[in-house]
Amino acid sequence: MPELPEVETVRRGLAPFMVGARIRRVEARRADLRFPLPRDFAARLQGARIEALDRRGKYLVAPLSAGESLVMHLGMSGRFTVDGGDRPDGRYYAAGADPRHDHVVFELDGPAGPARVVYNDPRRFGLMDLVPSGGLDRCRHFAGMGPEPLSDAFVAETFNAALKARAAPIKAALLDQRIVAGIGNIYACEALHRAGVSPRRAARSVAGARGMRLWSALRAVLREAIEAGGSSLRDFAASDGALGYFQHRFRVYDREGAACPVCRAPVRRIVQSGRSTFYCGACQR
DNA sequence: AGCCTGCCCTGCGAGC
DNA sequence: TGCTCGCAGGGCAGGC
């Protein structure tokens, strides 16, 4: 799924169509995503105005005029596509996705004219929810979620202190959204490589100089990935169909056996918490 | 509490 | 060619 940079790319792609738009109609074709859609999902959305489109970690959040916010998560395989806008052919993005997996359709009267925003998700690990806008921080999705890594709320000393309290491997700690929001398997691996920190090391032993390097590396890799439009693996594309190109800049992720760009030693793959970790055993300590 | 495993679901590529 | 297996960007519940 999309991790923070991919979700941010999706947010930027959708915002011109969604922000300020009136929701004319919602078609919930399948209610069984990761969780069932909330009751009266379509009815609660119809007629509302979308005030903004924000991101929190890997979630998209759209505050509505009706006092609720639409909370969306793309899971592993979720994607949005948009029809409409000002393209001569009237089709801003021709979805390459299998229409059998178009689960939710939003028909909008937007600033750029009518638009149709379609949520497609083959694996259905994504979710949509409606929560009161006044209590977003307390809703089940965001309560306890760690700071946004690219905001001022992500403080190196606090990050170090959180690592100090953890015995688990640092890789697992980075995937824990309570410590820092938005990091997934790709950017955990990439940040650890940039910081020269072994993914196998206990988080508490990273606190200190390594922790500071990791803090910087996380911010750097996320910024660069957003600038590149995210990483396009398998099925990820921005809502305009453009492919991100950060995958060409991976130093270790999905590069088992290839040469480490720093020291030329072969990149290793191990399994931690049931997920692949890629790293260089020579320059990550 | 922290930590780990299994599981939700579909699709795709590798290997036979 | 057609099959089976393993694996995939996430996060939750349930076990210890």
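Just so it is clear, the structure is predicted and the values come from calculations on it, not from any experiment. Just so we're on the same page: letters track the sequence lines, and every chain starts at 1.
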(message) Taking any heavy-atom pair under 4.0 Å as a contact, classify A/F35: base, sugar-phosphate, or nothing.
(response)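 A/F35: backbone/sugar contact only, no base atoms under 4.0 Å.
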(message) What's A/R100 touching, base or sugar-phosphate or nothing? Going by heavy atoms closer than 4.0 Å.
(response)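 Sugar-phosphate only.
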Should the pair [X]-[Y] be classified as a salt bridge under the 4.0 Å nitrogen-to-oxygen rule?
X      : Y      : answer
A/E190 : A/R194 : no
A/E6   : A/K58  : no
A/D109 : A/R24  : yes
A/R44  : A/E68  : yes

Which whole-number value in Å describes the distance from [X] [atom1] to [N] [atom2]?
X      : N      : atom1 : atom2 : result
A/I183 : C/dG10 : CD1   : P     : 10 Å
A/L163 : B/dG2  : CG    : P     : 14 Å
A/E256 : C/dG6  : CD    : C1'   : 13 Å
A/M72  : C/dG10 : CE    : P     : 18 Å
A/R124 : C/dC12 : CZ    : C1'   : 17 Å
A/L74  : B/dC8  : CG    : P     : 22 Å
A/F125 : C/dC12 : CZ    : C1'   : 11 Å
A/D129 : C/dG10 : CG    : P     : 20 Å

(message) On the nucleotide B/dT10, are OP1 or OP2 found under 4.0 Å from the side-chain N or O atoms that A/H101 carries?
(response)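 For B/dT10, neither OP1 nor OP2 has a side-chain N or O of A/H101 closer than 4.0 Å.
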(request) Please determine if a side-chain N or O atom of A/Q177 lies less than 4.0 Å away from the OP1 or OP2 oxygen of C/dG10. (result)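 Looking at the OP1 and OP2 atoms of C/dG10, neither is under 4.0 Å from any side-chain N or O of A/Q177.
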(request) State whether the side chain of A/D121 and the backbone N or O of A/G126 hold a donor-acceptor pair below 3.5 Å, judged by distance alone. (result) yes
(request) Identify the nucleotide, in any strand shown, that forms a Watson-Crick or G-U wobble pair with B/dC9, with both distances under 3.5 Å; if there is none, say none. (result) none
Could you check which of [options] has an atom nearest any side-chain atom of [X]?
X      : options               : result
A/N185 : C/dG10, C/dA8, B/dC4  : C/dG10
A/A167 : B/dG11, B/dC3, C/dG10 : B/dC3
A/P122 : B/dG11, C/dG10, B/dT5 : B/dG11
A/R34  : B/dG11, C/dA8, C/dG11 : C/dG11
A/R178 : B/dG2, C/dG10, B/dC4  : B/dG2
A/S273 : C/dA8, B/dT5, C/dG10  : B/dT5
A/R166 : B/dG2, C/dC7, C/dG11  : B/dG2

(request) Specify the residue among A/L127 and A/I186 whose closest nucleotide of DNA chain C lies further upstream toward the 5′ end. (result)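 Residue closer to the 5' terminus by nearest nucleotide: A/I186.
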(message) Reading DNA chain C from 5' onward, which residue's closest nucleotide shows up sooner: A/R275 or A/R269?
(response) A/R269
(message) Are more than 12 heavy atoms, taken from residues, nucleotides or ligands other than A/R178, located less than 6.0 Å from that residue's CZ atom?
(response)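 Incorrect, the count does not exceed 12.
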(message) I'd like the P distance from B/dC12 over to C/dG11, given in whole Å.
(response)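 About 23 Å, rounded to a whole number of Å.
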(request) Please measure how far the P atom in C/dG14 lies from the corresponding atom in B/dC9, and state the result in whole Å. (result)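 Looking at atom P only, C/dG14 and B/dC9 are 16 Å apart.
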(request) Using only heavy-atom distances, decide whether a donor-acceptor pair under 3.5 angstrom links the side-chain of A/R123 to the base of C/dA8. (result)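 Checked by distance alone, the answer is yes.
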